[in-house]
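Shown next, in C-alpha cells, is the structure this report addresses.
Note on naming: letters A, B, ... go to the chains in the order of the sequence lines (proteins, then strands), and numbering restarts at 1 for each one.
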2 protein chains.
Amino acid sequence: MEEPRKRARPGRTPAPTGRTSRPRQAEVARLAGVSQATVSLVLGGRKQGATISEETRQKVLDAVRSLGYVPDPAASRLAAARNNLLGVFSFTSTFPTDVQHSYYPFLVGVEQEAAARGYDLVLFTGSSTGGAGAAGPHALNRVRLADGCLFLGRHAPADELRRLVADGFPVVHLGRRDELEGLAWVGADYVSAGKEVVAHLAGLGHRRIVLVREDDEAPASTDREHGFLKGLEEAGLPGGPAAVFRSADPEHDLTAERLRGWLDDGVTAFVAEETDTGDAWRALHNAAHFVGIDCPRDASLALLGSPPPDLSDGPMPTGFDIPRPQLGAAAVRMLAALVAGEQATEPLVACAFRPGTTAGAPPAHH
Amino acid sequence: MEEPRKRARPGRTPAPTGRTSRPRQAEVARLAGVSQATVSLVLGGRKQGATISEETRQKVLDAVRSLGYVPDPAASRLAAARNNLLGVFSFTSTFPTDVQHSYYPFLVGVEQEAAARGYDLVLFTGSSTGGAGAAGPHALNRVRLADGCLFLGRHAPADELRRLVADGFPVVHLGRRDELEGLAWVGADYVSAGKEVVAHLAGLGHRRIVLVREDDEAPASTDREHGFLKGLEEAGLPGGPAAVFRSADPEHDLTAERLRGWLDDGVTAFVAEETDTGDAWRALHNAAHFVGIDCPRDASLALLGSPPPDLSDGPMPTGFDIPRPQLGAAAVRMLAALVAGEQATEPLVACAFRPGTTAGAPPAHH
DNA sequence: GCGCATTACTAATACGCATTAACGATCCGG
DNA sequence: CCGGATCGTTAATGCGTATTAGTAATGCGC
C-alpha cells in the first residue's frame, strides 16, 4: 500500500527570499474572499456566459486597487495562446547609419497600425546571429516567436520564407513578390499610378510621350512601364517600343542630341521612373537643362515616384508619391488578418497623384 | 470507495483545428527520442550540474533544426528565465512622421548593440497616437514581457517607472534622470564636453568667454553650464554670473547692442547651448551676423551640440557632437548588465569634440 | 563483487492566468 | 412540492518551458 506520491517536491524553488514580489491574482482573490477564477473573470472583461454579481465585482476591483495588482503579460499570453507580437524582419539592418536607405517611412505606418490594433513589434535583424545560435540558414525561424511576421526588402531567402508559409505561419512581404507561391504581400499600385500620370499628360494635350527607364526587371519597374503603356493605349496615343527608352546607364546614354531628336519628332512630354539611384530622372533633368528647355513651357516632365535627395530642392515634379507609410499600415492590416485566420486583405495600395509644377500644356504647334 | 476524480476534464479546449502550429519542445523531444526536459537542457545552454552527451545533444539540435523550433517567449518568461528580448518604450511614437524629432539616431546604436549581444528588440507601441484605448494607467506594465526595458524621452510617467524599478524589473532610461531614485540611466557627459570646449577656446588665447543659454532647468542645460563654468575655473578665467547670459527668449533678448557691449568689455568668444529649438545658437549667430562679425577673425563662436537643421548649411561650428548612437549602445549595455544581475555600467558617454571652423585665436589686442 | 562516485537522463512539478465543466442555490411553472 | 431553468461561483486543468530530485547505468578502487 504505497503512497501515490513519495517523491519530494521537485520543480522550481520558491522565491528565494521573502522579497515582496508583485501581487498575483491568487492574492487578490484571498483579499476579496473569492476564488482566483473569479478574479480572472472580473478582470477579463465581460465575456459571454460568465456572469458576476455587482457586489463581487466591486470586492474584487477594490482588492485589485488596494494591492496594486497588474497582470503578468507573460502568463496572460501563455494562457491565451498568442502574444500580440508582430515580427518585423529586414535582412539588412533596420536602422542603418545612412538614413536614406532605411525602412523608416514604412515603419512609420507599421508602428501606427500595429499600435492601433494592440500589437507590439519585435524587431529581428538579419545580420544579427540571434539568441540561441540559430544563425545560418535557419535564422528566419526566430521570427516564429511572434504571432506573424512582416518582411522588408527583397533579400529574404525564398526557401526559408516558403517553409514558414508552408507551416501556416502568417507572413507578409512588403513589396510585390509573385514568384513565391502563397506568399502574401502588399505593394504599391504602380500600374494605376503610371496610367494616371499619362492620363494627366494626355489631358493637358500631349500627344507624344516617352518613358525613360533603367534596365531593371524589378516588379516596380515593369509595373510602371506597364501602366505607362496602358495609359497611352487608353488615351489613344502611340505606344510601342518607340515610346520607351530603356538604358542601363541613362546619365550617359540620354544625350542632349537624343533629346533634341525626340523634340523634333513631336514628343512634348517625358516620364522617368524612380529608382534607388534616381538615375533616370537625373539624366532626364540634366539633358533638359542642357538643351535649355524651359519646363513646362517647352516640354513637360513627370516622375513616377519621388525625386532623389540631391534633386529635391528643384521644382516639385509632376507624378506620384509612393505611399510608404500607407504600405506599412496595409502590411500590418494584412498580417493581422492572417493571424486572425481571415483572408488576406487587398494587396495593392494606391499612389497619390502629385500635380507638381513640371507639366503643363504642350507648346502651341505652328 | 469513490474515485478521487469524478469530474470530466475542464480546462481549455484543445487546438480547434488541426492547423499546424509552432513546434513545441515536446515534439522535438519525440523526434529526437528523448524527454522534454532533455530538450530544455540542451537548449538552455550548458548550466552547472547538467551534463548531456554529445550524441544526445546533436540528436536534439538536429530535431530542433528540422522542425524549425523556437522557444515561446511567454512560456520561457513564465518559467522564470530570460527570453532574449529587450523592450524599447517611448512615450511618443517611436517613428514619428517628422524624422527630425525621432529617436532614430539612438535606435541605430540600440539595434547594433542588441544584435551584437543576441537580443531582439520589442517596440512597445503603447502610447502611439492611434492607440485604441490600450494606453491605460498601467500601460507600462506590458514591458514586463521582455527581460528589461529601455525608456526613451522624458515623458515616461515617474510613478509607473518607480513601480517597475521597485519590483526589480531592469529598466534603463536614456537621458539623465536623477530625480527618480534607483532609476538607471545613461546620458551624455555634457560637463566634460563643455569643459573641453572652454579649454579649447582658452588654449587659443581667449580670456573672456560668455555662455548663452536658454531659461531651462533640464539636466542637459545645467550640465552644460556646469561644464562651462568648470572649464573657466580650470583655465583660470573669470567666471561668475557675468559669464552666463540666460534668457527665455534669446532671439529677442540677445540684441546687437548687447553683443557690442560684450565685445567692448573684452569678450572674444561666445558659447551657445544646443536645445530642441536651437534658439540660443540661432540668436548668437544672427546677432554676430548683424554686428558684422567676421568669425573667427573678430570673435570665436562655439556650440555645445549640433546646429539646428536650418543652420546646418553654414560653417561647421566648433563644439561637440552628441554621440546618440553610442548612447543607445551604452543603454543596451547597461540594460544587459542589469538583466544579468550585474552592476550598472558607466552611465556617462563622452561627447566627441568637433574642431569646426568658428573658433580661432582672438583678435590681436592693441 | 560490493560500496560509492559519476554520468546521462527523466519524472514531476511550478510559473500565473484563462477557460470551462460542474455544482449549489434560487427561482419558476404546473 | 418537484423537475427544470437560471444565476453565481469554483475546482480543475492546460498553455510551454525551466528546474530539480531522483534513478538507471557505468566506472572505479579495494
Side-chain angles (χ1 to χ4, degrees), chain A residues 4-16 21-30 32-57 59-60 64 69-83 132 144-145, chain B residues 4-16 21-30 32-57 59-60 69-84 141 144-145:
Chain A
R5 292 213 189 75
K6 250 296 191 48
R7 288 153 166 278
R9 68 153 204 47
R12 71 188 348 267
T13 337
S21 74
R22 47 202 209 95
R24 312 290 160 202
Q25 279 190 354
E27 288 154 62
V28 174
R30 207 174 311 138
V34 298
S35 73
Q36 175 266 321
T38 303
V39 175
S40 177
L41 286 177
V42 170
L43 295 180
R46 48 163 201 70
K47 292 289 180 187
Q48 54 196 359
T51 53
I52 303 283
S53 73
E54 190 53 32
E55 186 194 343
T56 302
R57 148 175 268 102
K59 274 192 307 186
V60 170
V64 162
Y69 166 85
V70 284
D72 179 336
S76 311
R77 285 167 179 181
L78 218 213
R82 41 177 257 257
N83 53 19
R144 301 179 109 114
L145 167 154
Chain B
R5 295 217 186 71
K6 254 283 188 60
R7 289 153 167 279
R9 73 150 201 50
R12 74 187 343 268
T13 338
S21 70
R22 302 171 29 200
R24 315 287 158 202
Q25 279 189 356
E27 288 153 61
V28 174
R30 208 174 310 138
V34 298
S35 73
Q36 174 266 322
T38 302
V39 175
S40 177
L41 285 177
V42 169
L43 295 181
R46 52 164 201 69
K47 295 288 182 187
Q48 53 194 0
T51 51
I52 303 284
S53 72
E54 190 52 33
E55 185 192 346
T56 302
R57 151 174 266 100
K59 274 193 306 187
V60 169
Y69 166 85
V70 285
D72 180 327
S76 33
R77 186 68 194 161
L78 185 57
R82 45 188 318 158
N83 52 21
N84 277 340
N141 281 305
R144 299 183 115 113
L145 174 74

task: Determine the contact category for V34(B): base if any of its heavy atoms lies under 4.0 Å from a base atom, sugar-phosphate if only primed atoms, P, OP1 or OP2 are that close, otherwise nothing.
output: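 Sugar-phosphate only.
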- prompt: So what does T38(A) touch, heavy atoms closer than 4.0 Å: a base, only the sugar-phosphate, or nothing?
  reply: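 Base, at least one base heavy atom under 4.0 Å.
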Can you measure [X] atom [atom1] to [N] atom [atom2] for me and round it to whole angstrom units?
X: L43(B); N: dT19(D); atom1: CG; atom2: C1'; value: 15 Å
X: N83(A); N: dT17(D); atom1: CG; atom2: C1'; value: 15 Å
X: L78(A); N: dC15(C); atom1: CG; atom2: C1'; value: 9 Å
X: L41(B); N: dT17(D); atom1: CG; atom2: C1'; value: 11 Å
X: L145(B); N: dC15(C); atom1: CG; atom2: C1'; value: 15 Å
X: Q25(A); N: dT19(C); atom1: CD; atom2: C1'; value: 12 Å
X: E54(B); N: dA8(C); atom1: CD; atom2: P; value: 11 Å
X: N84(B); N: dT17(D); atom1: CG; atom2: C1'; value: 14 Å

field: Whichever of K59(B) and V39(A) has its nearest DNA chain C nucleotide further upstream toward 5'
entry: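 Result: K59(B).
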- prompt: More 5' along DNA chain C: G33(B) or A75(B), using each one's nearest nucleotide?
  reply: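 Here G33(B) is the residue nearer the 5' end.
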Worked verdict on N83(A) versus L145(B) for side-chain contact (heavy atoms from CB on, under 4.5 Å): CA-CA 9 Å; N83(A) 53 19; L145(B) 174 74; 5.5 Å; no
Minimum-distance nucleotide (side-chain atoms of [X] versus [options]):
X: I52(B); options: dC9(C), dT17(D), dA12(D); answer: dC9(C)
X: D72(B); options: dC17(C), dG16(D), dT10(C); answer: dG16(D)
X: S53(A); options: dA12(C), dT9(D), dT17(D); answer: dT9(D)

So does [X] get a side-chain nitrogen or oxygen closer than 4.0 Å to the phosphate oxygens (OP1/OP2) of [N]?
X: S40(A); N: dG16(C); answer: no
X: T56(A); N: dT9(D); answer: yes
X: Q36(A); N: dT9(D); answer: no
X: T51(A); N: dT9(D); answer: no
X: S76(B); N: dT17(D); answer: no

task: State which residues pass side chain to side chain contact (heavy atoms under 4.5 Å, CB included) with E55(A); sequence neighbours excluded, sorted by chain then number.
output: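 In terms of side chain to side chain contact (heavy atoms under 4.5 Å, CB included), with neighbours along the sequence ignored, E55(A) is linked to S53(A).
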State the [atom1]-[atom2] distance between [X] and [Y], to the nearest 0.5 angstrom.
X: D72(B); Y: R82(A); atom1: CG; atom2: CZ; answer: 13.0 Å
X: L41(B); Y: R57(B); atom1: CG; atom2: CZ; answer: 9.5 Å
X: R30(B); Y: R24(B); atom1: CZ; atom2: CZ; answer: 11.5 Å
X: Q25(B); Y: S76(B); atom1: CD; atom2: OG; answer: 9.0 Å
X: T38(A); Y: L43(A); atom1: OG1; atom2: CG; answer: 10.5 Å

- prompt: Taking five pairs at each end, how big is the angle between the two axes of the helix from dG1(C)-dC30(D) to dG30(C)-dC1(D), to 10°?
  reply: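 About 50° separates the two local helix axes.
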- prompt: side-chain contact (heavy atoms from CB on, under 4.5 Å) between V39(A) and Y69(A): does it pass, once the steps are laid out?
  reply: CA-CA 11 Å; V39(A) 175; Y69(A) 166 85; 5.6 Å; no
